[in-house]
Protein chains: 2
Amino acid sequence: MTYQFLDEETLFLVSQTFKALSDPTRIKILHLLFEQELSVSNIAEILDLNQSNVSHQLRFLKNLRLVKYRREGKTIYYAPDDEHVMKILQQSIDHATHH
Amino acid sequence: MTYQFLDEETLFLVSQTFKALSDPTRIKILHLLFEQELSVSNIAEILDLNQSNVSHQLRFLKNLRLVKYRREGKTIYYAPDDEHVMKILQQSIDHATHH
DNA sequence: TTATAATATGAATATATGTTCATATGTGTA
DNA sequence: TACACATATGAACATATATTCATATTATAA
């Protein structure tokens, strides 16, 4: 009856990924990006959030490779970059909505 | 181009659920319960965790209805109680492992 | 060059969270 | 009853986190 422990690396990656989805602000941002690619200031304006706050959260998501970005002049556009995580988020929102 | 905001209730429920999965200790506990129903002391022993710590984390999971319990004498056995969340956890572990 | 716009960064701070300790509660047994 | 065992609880504490503010960086336009 030996139990196969999760290795530390997997444990860390999984927990970090879910941590990204555990904050309402980050959920809002990812949910918004479902629909379209958006700039930092667009996100801040639509969600009524501080520009700095949005920037910090996007960095968090970018470090986990959950979002990607491209620059166009002075503007930087962010978009989702992890289909699996976005799918999980969508499923969970649906699941929560129908309860 | 109006954006359909997530309502506060859904946002809270989704974030709380992911928060449950964002802590290594709780992931370990849920992962362990995948295999079998286990008592608090069994969980503590197998994972080398403080009994009180396990009890606190189980309460957290129970409040979110991610686990259920049954009493047998002095012993309380815990088991998963949310198939959807357990499936997401399993998928995410698999996903993280193969990277 | 200077000015302006968009974004990023770091410090500060208040709040949240995970863990431990000590102890309480609940259950069975002598 | 008294005792032992299993679990739960609350306080305390250290650490982590989200947010804001002020400012730096980067890019464009005048």
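Lettering of chains follows the sequences in order, A, B, ..., and the numbering in each one begins at 1. Computed from a prediction, not measured in an experiment: that's the story for all the values here.
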All N/O pairs under 3.5 Å across the protein-nucleotides 17-19 of chain C interface:
from   : atom 1 : to    : atom 2 : distance (Å)
C:dT17 : OP1    : B:K19 : NZ     : 2.9
C:dG18 : OP1    : B:R26 : NH1    : 3.2
C:dG18 : OP1    : B:R26 : NH2    : 2.6
C:dG18 : OP2    : B:R26 : NH1    : 3.1
C:dT19 : OP1    : B:T25 : OG1    : 3.0
C:dT19 : OP2    : B:T25 : OG1    : 3.3
C:dT19 : OP2    : B:N53 : OD1    : 3.4
C:dT19 : OP2    : B:Q57 : NE2    : 3.0
C:dT19 : O5'    : B:N53 : ND2    : 3.4

Whether A:S55 side chain and A:Q51 backbone form a donor-acceptor pair below 3.5 Å:
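Here the side-chain-to-backbone pair does not exist.
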
Determine which pairs satisfy salt bridge (charged side-chain N to carboxylate O under 4.0 Å, His left out) with at least one residue from residues 29-39 of chain A, sequence neighbours left out, and list them in order.
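For residues 29-39 of chain A: A:E37-A:R70.
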
Taking only residues at least two apart or on different chains, which pairs with a member in residues 50-65 of chain B satisfy salt bridge (charged side-chain N to carboxylate O under 4.0 Å, His left out)?
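For residues 50-65 of chain B, and leaving out neighbouring residues, there are no salt bridge (charged side-chain N to carboxylate O under 4.0 Å, His left out) pairs at all.
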
Spacing between A:I76 atom CD1 and C:dA5 atom P, to the nearest angstrom:
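Result: 17 Å.
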
For a quick test of your reading: what N or O donor-acceptor pairs under 3.5 Å do the side chains of residues 39-48 of chain B make, sequence neighbours left out?
from  : atom 1 : to    : atom 2 : distance (Å)
B:S39 : OG     : B:S41 : OG     : 3.3
B:S39 : OG     : B:N42 : N      : 3.1
B:S39 : OG     : B:N42 : OD1    : 3.2

Five-pair end axes of the helix from C:dT1-D:dA30 to C:dA30-D:dT1 and the angle they enclose, rounded to 10°:
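What I find for the helix from C:dT1-D:dA30 to C:dA30-D:dT1 is an axis angle of 10°.
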
Side-chain N,O (A:S39) to OP1/OP2 (C:dA6) below 4.0 Å
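Indeed not, no polar side-chain atom of A:S39 lies that close.
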
Fit a plane to each ring of A:Y69 and A:Y78, take the angle between them on a 0 to 90° scale, and name the class: parallel (under 30°), tilted (30 to 60°) or perpendicular (over 60°).
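If you compare the ring of A:Y69 with that of A:Y78, the planes turn out tilted.
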
Could you check whether [X] gets within reach of a base, just the sugar-phosphate, or nothing at all, counting any heavy atom under 4.0 Å?
X	result
A:S41	sugar-phosphate
A:Y78	sugar-phosphate
B:T75	sugar-phosphate

Nucleotide-resolved protein contact map, nucleotides 25-30 of chain C, B/S/- at heavy-atom distance under 4.0 Å:
-BBS--

So which pairs with a foot in residues 23-63 of chain A pass ring-ring contact (aromatic ring centres under 6.0 Å, His included), sequence neighbours left out?
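Of all non-adjacent pairs touching residues 23-63 of chain A, those that pass ring-ring contact (aromatic ring centres under 6.0 Å, His included) are A:H31-B:Y3.
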
Quick check: any donor-acceptor pair below 3.5 Å linking the side-chain of A:Q51 to the base of C:dA6?
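When only heavy-atom distances are counted, A:Q51 does not reach the base of C:dA6 through any donor-acceptor pair under 3.5 Å.
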
List for me each residue that meets side-chain hydrogen bond (donor to acceptor under 3.5 Å, both in side chains) alongside [X], sequence neighbours excluded, and say none if there are none.
X	result
B:R71	none
B:Q4	none
B:D81	none

Does the side chain of A:I29 come within less than 4.5 Å of A:L38's, by heavy atoms?
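Not touching, per the 4.5 Å side-chain cut-off.
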
Using a heavy-atom cut-off of 4.0 Å to chain A, what are the terminal contacting nucleotides of DNA chain D, in 5' to 3' order?
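So the outermost contacting nucleotides come out as D:dT17 to D:dT28.
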
Examine B:Y77 and B:L32 and state if one hydrophobic cluster contains both, with Ile, Leu, Val, Met, Phe, Trp and Tyr joined whenever side-chain heavy atoms are less than 4.5 Å apart.
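B:Y77 and B:L32: separate clusters.
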
Within the supplied structure, the quantity of interest is the number of heavy atoms (other residues, nucleotides, ligands) at a distance under 6.0 Å from A:F12 CZ; does it exceed 12?
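Open: at most 12 neighbouring heavy atoms sit under 6.0 Å from CZ of A:F12.
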
Distance-only criterion, 3.5 Å: show the donor-acceptor pairs between side-chain atoms of residues 16-28 of chain A and protein atoms not counting sequence neighbours.
from  : atom 1 : to    : atom 2 : distance (Å)
A:T17 : OG1    : A:L13 : O      : 2.8
A:S22 : OG     : A:K19 : O      : 2.8
A:D23 : OD2    : A:T25 : N      : 3.2
A:D23 : OD2    : A:R26 : N      : 3.2
A:R26 : NE     : A:A20 : O      : 3.0
A:R26 : NH1    : A:Q57 : OE1    : 2.8
A:R26 : NH2    : A:K19 : O      : 3.0

